[in-house]
Amino acid sequence: MGLMLIWRGNQKMKKVVDGLSSDDVWTRLEELQLGVEEPELSPEQLRINDQAQEDELLVLESIFGDNVFVLDKVVVIVVIHVHIEVPDELTVSVYLSSYSALGTPDDNSLECSYSLKVEHLPLIVLTCLLPKSYPSNLAPHFTISVQWLNSANISSLCSMLDSIWIELLGQEIIYQWVEWLHGSSLSHLRIDREIKLGFCAYSYIGDRRANSGAVSPEVDIPSLTSYDEEQRHENFRRNIHQCCICFDEFPVN
């Protein structure tokens with residue numbers, strides 16, 4: 001499902017994803033942490049939370065294998081690169097009409113100027129900071145970064161993670177968040193076979209946890225195309241292919 005990095009400490013995060021600032025993500029996490037008062041917990045409850053976090057990290061490490069990095073032991077930051085479950089093929093279309101503040105195109109003036117087919121979408125980056133009162137009282141502070149979605153749509157994903165936490169209050173939640181982002185993001189955003197891109201006429205000030213790398217179709221389309229081509233090549237390289245001359249099977253180098 002992708003790369004997971006775990007930081008323990010205040011080390012500066014590396015680049016989260018092309019077009020997105022890791023410094024901005026870290027600043028937002030700090031703001032989120034400072035904006036919520038930690039409840040006073042007994043030493044026993046703090047010990048239980050610490051153990052639950054350790055157990056959760058071990059589970060995540062077992063799922064994501066060698067793509068896990070652990071640093072220091074002060075505060076835990078988990079960065080997960082979530083690959084999106086995509087239908088067989090998606091159409092990415094660019095429309096000339098301006099989008100509203102919510103990223104919704106004006107249906108009365110839609111005019112498709114360009115479209116392309118993709119099989120892979122750039123990943124979603126979920127960054128979590130685990131407070132000492134997690135999981136007993138507080139959810140992880142988190143941001144969601146997506147290179148190609150606008151802030152309004154990412155804000156909607158943030159709200160869904162909040163809802164999942166409310167349903168599972170007091171339980172370890174990160175794996176459930178990742179699974180939902182992986183399998184349900186597109187359906188939640190009502191993206192079936194087409195992704196519509198356009199020029200946003202207004203800036204949208206939404207959830208501070210939503211970090212959009214979308215710039216404009218002129219920038220976003222080449223980025224989507226490049227990622228799709230890279231993933232197709234990587235899948236082709238990993239697969240076993242049969243030689244049409246000797247009919248032996250071999251991996252592509």
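Computation of the quantities below employed the complete heavy-atom set of this structure, encompassing side-chain atoms and omitting hydrogens, waters and symmetry-equivalent molecules. In what follows, residues are counted from 1 in the order of the sequence shown.
Judged by distance alone, the side chain of His182 and the main-chain N or O of Val82 form no donor-acceptor pair under 3.5 Å. In terms of modelled atom types and a separation under 3.5 Å, the side chain of Ser156 and the main chain of Ala152 share no donor-acceptor contact. Using a distance-only test at 3.5 Å, with no hydrogens or angles considered, a donor-acceptor pair links the side chain of Tyr134 to the main chain of Ile173. For the pair Trp148 (side chain) and Pro122 (backbone), a donor-acceptor distance under 3.5 Å is present. With Ser226 contributing its side chain and Ser223 its backbone, the two residues share no donor-acceptor pair below 3.5 Å. Not a single donor-acceptor pair under 3.5 Å links the side chain of Arg208 to the backbone N or O of Arg28.
Every residue meeting the ring-ring contact (aromatic ring centres under 6.0 Å, His included) condition with Phe142, not counting sequence neighbours, appears here in chain and number order: Trp177. Considering only residues two or more places apart in sequence or on other chains, Glu37 meets the side chain to side chain donor-acceptor pair (under 3.5 Å) condition with none of them. The ring-ring contact (aromatic ring centres under 6.0 Å, His included) search around Trp165 returns none, not counting sequence neighbours. When the side chain to side chain donor-acceptor pair (under 3.5 Å) test is applied to His120, the partners found at least two apart in sequence or on another chain are Asn235.
Looking at Glu54 and Val76, their side chains never come closer than 4.5 Å, going by heavy atoms from C-beta outward. In this structure, Ile80 and Ile174 have side chains that are in contact, with non-hydrogen atoms separated by less than 4.5 Å. In this structure, Val59 and Tyr175 have side chains that are not in contact, with every pair of non-hydrogen atoms separated by 4.5 Å or more. Inter-residue side-chain proximity for Leu123 and Ile84 is flagged as unmet; no heavy-atom pair is nearer than 4.5 Å.
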Exercise for the section: Could you give me the CA-CA distance, side-chain angles and deciding distance for Ile195 and Leu121, then say whether side chain to side chain contact (heavy atoms under 4.5 Å, CB included) is met? Expected result: CA-CA 11 Å; Ile195 297 174; Leu121 290 172; 3.7 Å; yes
- [ ] Kindly indicate, with the supporting measurements, whether the criterion side chain to side chain contact (heavy atoms under 4.5 Å, CB included) is fulfilled by Val86 and Glu119.
- [x] CA-CA 7 Å; Val86 178; Glu119 295 179 3; over 6 Å; no
Legend entry - Residue pair Ile221, Leu116: steps toward the side chain to side chain contact (heavy atoms under 4.5 Å, CB included) verdict: CA-CA 9 Å; Ile221 287 293; Leu116 73 152; 3.6 Å; yes
Trace of the side chain to side chain contact (heavy atoms under 4.5 Å, CB included) decision for Leu90 with Leu186
CA-CA 11 Å; Leu90 273 173; Leu186 294 185; 4.2 Å; yes
**OP:** Check the pair Lys196 / Ser93 against side chain to side chain donor-acceptor pair (under 3.5 Å), numbers first and verdict last.
**Re:** CA-CA 5 Å; Lys196 297 177 181 179; Ser93 302; over 6 Å; no
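Hydrophobic cluster membership is shared by Ile124 and Ile63, with clusters built from Ile, Leu, Val, Met, Phe, Trp and Tyr side chains linked at under 4.5 angstrom. Leu58 and Ile77 are members of different hydrophobic clusters when ILVMFWY side chains are connected at heavy-atom separations under 4.5 Å. Ile164 and Leu138 are members of different hydrophobic clusters when ILVMFWY side chains are connected at heavy-atom separations under 4.5 Å. Val78 is connected to Leu168 through a chain of hydrophobic side-chain contacts under 4.5 Å among Ile, Leu, Val, Met, Phe, Trp and Tyr, so both are in one cluster. Residues Val36 and Leu29 do not share a hydrophobic cluster, defined by chaining ILVMFWY side chains whose heavy atoms lie under 4.5 Å apart.
Of all heavy-atom pairs between His188 and Met160, the closest is CE1-CG, 3.1 Å. Of all the heavy atoms in Cys128 and Pro140, the pair that sits closest is CB-CB, 4.0 Å. Gln147 and Asp220 get closest at one heavy-atom pair: O-OD1, 4.5 Å. Here the closest non-hydrogen pair linking Ser212 and Ala214 is OG-N, 3.1 Å.
From Leu181, atom CG reaches atom CD of Glu179 across 10.0 Å, with rounding to the nearest 0.5 Å. Here Ser151 contributes atom OG and Ile144 contributes atom CD1; the two are 11.5 Å apart, rounded to the nearest 0.5 Å. With rounding to the nearest 0.5 Å, the separation of CD in Glu56 from CD in Gln171 is 11.0 Å. In this structure, CG in Leu130 is found 6.5 Å from CG in Leu57, a value given to the nearest 0.5 Å. Taken to the nearest 0.5 Å, the CD atom of Gln53 stands 12.5 Å off from the CD1 atom of Ile48. Taken from NZ in Lys117 to CZ in Arg193, the straight-line distance is 9.0 Å, to the nearest 0.5 Å.
A 6.0 Å sphere centred on CD of Glu89 holds more than 12 heavy atoms belonging to other residues, nucleotides or ligands. Around the CZ atom of Arg190, the shell of radius 6.0 Å holds no more than 12 heavy atoms that belong to other residues, nucleotides or ligands.
For the residue pair Thr143 / Asn211, no side-chain donor-acceptor distance below 3.5 Å is found, with atom types taken as modelled. For Asn49 and Gln45, the side-chain atoms include at least one donor-acceptor pair closer than 3.5 Å. Checking Glu30 against Trp26 by side-chain atom types alone, a donor-acceptor pair falls below 3.5 Å.
Hydrophobic side-chain contacts under 4.5 Å tie Ile166 to no other Ile, Leu, Val, Met, Phe, Trp or Tyr residue. Through direct or relayed side-chain contacts under 4.5 Å between Ile, Leu, Val, Met, Phe, Trp and Tyr, Leu41 connects to Leu46.
For the pair Arg47 and Glu44, the salt-bridge criterion is met [side-chain N within less than 4.0 Å of a carboxylate O]. A salt bridge is defined here as a Lys NZ or Arg NE, NH1 or NH2 lying under 4.0 Å from an Asp or Glu carboxylate O, and Lys132 with Glu38 fails to meet this definition.
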